[in-house]
Amino acid sequence: MVLGCLLALFASLSPAMAAHRERTFLMVKPDGVQRGLVGEIIQRFERKGFKLVGMKFLQADEALLKKHYEELAGRPFFNGLVKYMQMGPVVAMAWEGLNVVKTGRDIIGATNPMESSPGTIRGDLCIQVGRNIIHGSDSVPSADRELALWFDSKELVSWKQEMETWIYEETK
Ligand code: IDP
Ligand code: MG
């Protein structure tokens with residue numbers, strides 16, 4: 001019993017588990033919602049094998065968006081960006097998986113859709129940088145900051161993905 005608990009604790013602290021549990025913040029922007037691309041975007045991450053651990057549909061307010069994009073506050077497009085992001089509701093999501101931050105950015109494609117490769121979300125589904133339909137965290141620290149900004153910890157759900165054995169060589 002005690003040994004079982006210790007083994008379970010050890011297993012739960014293994015590096016493989018920690019890696020699989022990396023999380024990123026993704027958001028379908030107002031243009032993605034208006035254009036009916038929510039399902040398509042979610043499907044790309046689901047089919048890759050990543051795990052959805054949080055999701056909400058909301059109209060973001062100016063204060064939240066200014067905080068979200070605070071690193072860009074000095075840029076000439078900042079005010080326009082904050083307005084664009086308030087043009088309609090967004091879908092805020094937390095996704096989990098091995099290397100999900102970096103791979104998520106690769107799935108999304110370059111910031112400017114004119115430079116995004118075909119096969120990426122932005123490369124396939126949009127045209128201009130000011131209407132690039134999706135946000136994804138650019139680093140693990142950014143992901144942690146953005147997830148804390150958009151979600152209460154109790155809104156993020158830890159659950160077992162039953163097909164995990166078929167996605168990862170080593171499971172948690
Ligand atoms: P990212 O979304 O690929 O991380 P960032 O450089 O963090 O790109 O910029 C945040 C968002 O600001 C972009 O996704 C885009 O919507 C907007 N943005 C970035 N550069 C420009 C620009 O030159 N003109 C208009 N909007 C821009
Ligand atoms: Mg960014």
Side-chain angles (χ1 to χ4, degrees), residues 18-153 155-157 167:
H20 294 184
R21 286 226 177 138
E22 184 174 300
R23 286 179 173 178
T24 195
F25 175 68
L26 301 180
M27 173 167 45
V28 184
K29 295 179 173 183
D31 45 346
V33 172
Q34 289 286 351
R35 292 181 51 205
L37 296 172
V38 173
E40 161 91 30
I41 288 170
I42 289 175
Q43 191 178 44
R44 289 184 181 217
F45 287 90
E46 271 188 329
R47 292 178 69 196
K48 176 71 175 169
F50 290 133
K51 179 163 73 167
L52 182 63
V53 292
M55 178 158 69
K56 59 175 140 182
F57 186 65
L58 73 156
Q59 174 69 52
D61 66 22
E62 186 181 342
L64 176 60
L65 292 164
K66 282 188 166 165
K67 187 89 190 131
H68 174 76
Y69 281 124
E70 66 186 6
E71 284 177 359
L72 301 173
R75 306 295 285 274
F77 57 83
F78 182 71
N79 288 340
L81 171 61
V82 171
K83 282 206 182 88
Y84 153 52
M85 293 296 298
Q86 288 178 90
M87 284 171 68
V90 298
V91 180
M93 296 178 284
W95 285 83
E96 187 178 286
L98 180 62
N99 206 34
V100 68
V101 172
K102 161 75 169 62
T103 305
R105 293 281 294 189
D106 292 342
I107 290 170
I108 288 170
T111 301
N112 188 337
M114 290 186 202
E115 289 155 18
S116 317
S117 303
T120 65
I121 290 172
R122 288 170 174 164
D124 288 348
L125 302 172
C126 56
I127 295 172
Q128 269 199 310
V129 68
R131 296 288 184 273
N132 63 359
I133 72 170
I134 179 168
H135 167 82
S137 307
D138 63 7
S139 65
V140 171
S142 299
D144 291 343
R145 185 186 77 83
E146 291 168 5
L147 288 168
L149 182 64
W150 289 83
F151 289 98
D152 287 336
S153 56
E155 292 176 319
L156 299 179
V157 181
I167 295 172

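Atoms within each ligand, like the ligands themselves, are counted from 1 in listed order. The chain is numbered in sequence order, starting from 1.
A distance-only check finds no donor-acceptor pair linking the side chain of K48 to the backbone of V100 [under 3.5 Å]. A donor-acceptor distance shorter than 3.5 angstrom exists from the side chain of T103 to the backbone of N99, with no hydrogens or angles considered.
Annotation: E70, atom CD; neighbour count of heavy atoms from other residues, nucleotides and ligands within 6.0 Å is above 12.
Near ligand 1, K29, Y69, L72, F77, L81, Y84, R105, T111, R122, V129, N132 each place a heavy atom less than 4.0 angstrom from the ligand.
Taking the salt bridge (charged side-chain N to carboxylate O under 4.0 Å, His left out) definition, one finds that E40 meets it with R44, sequence neighbours left out.
A perpendicular orientation is assigned to the rings of Y69 and H135, their planes being inclined by more than 60° (bins at 30° and 60°).
A cation-pi contact, defined as under 6.0 Å to the ring centre and within 45° of the axis, is absent between K29 and Y84.
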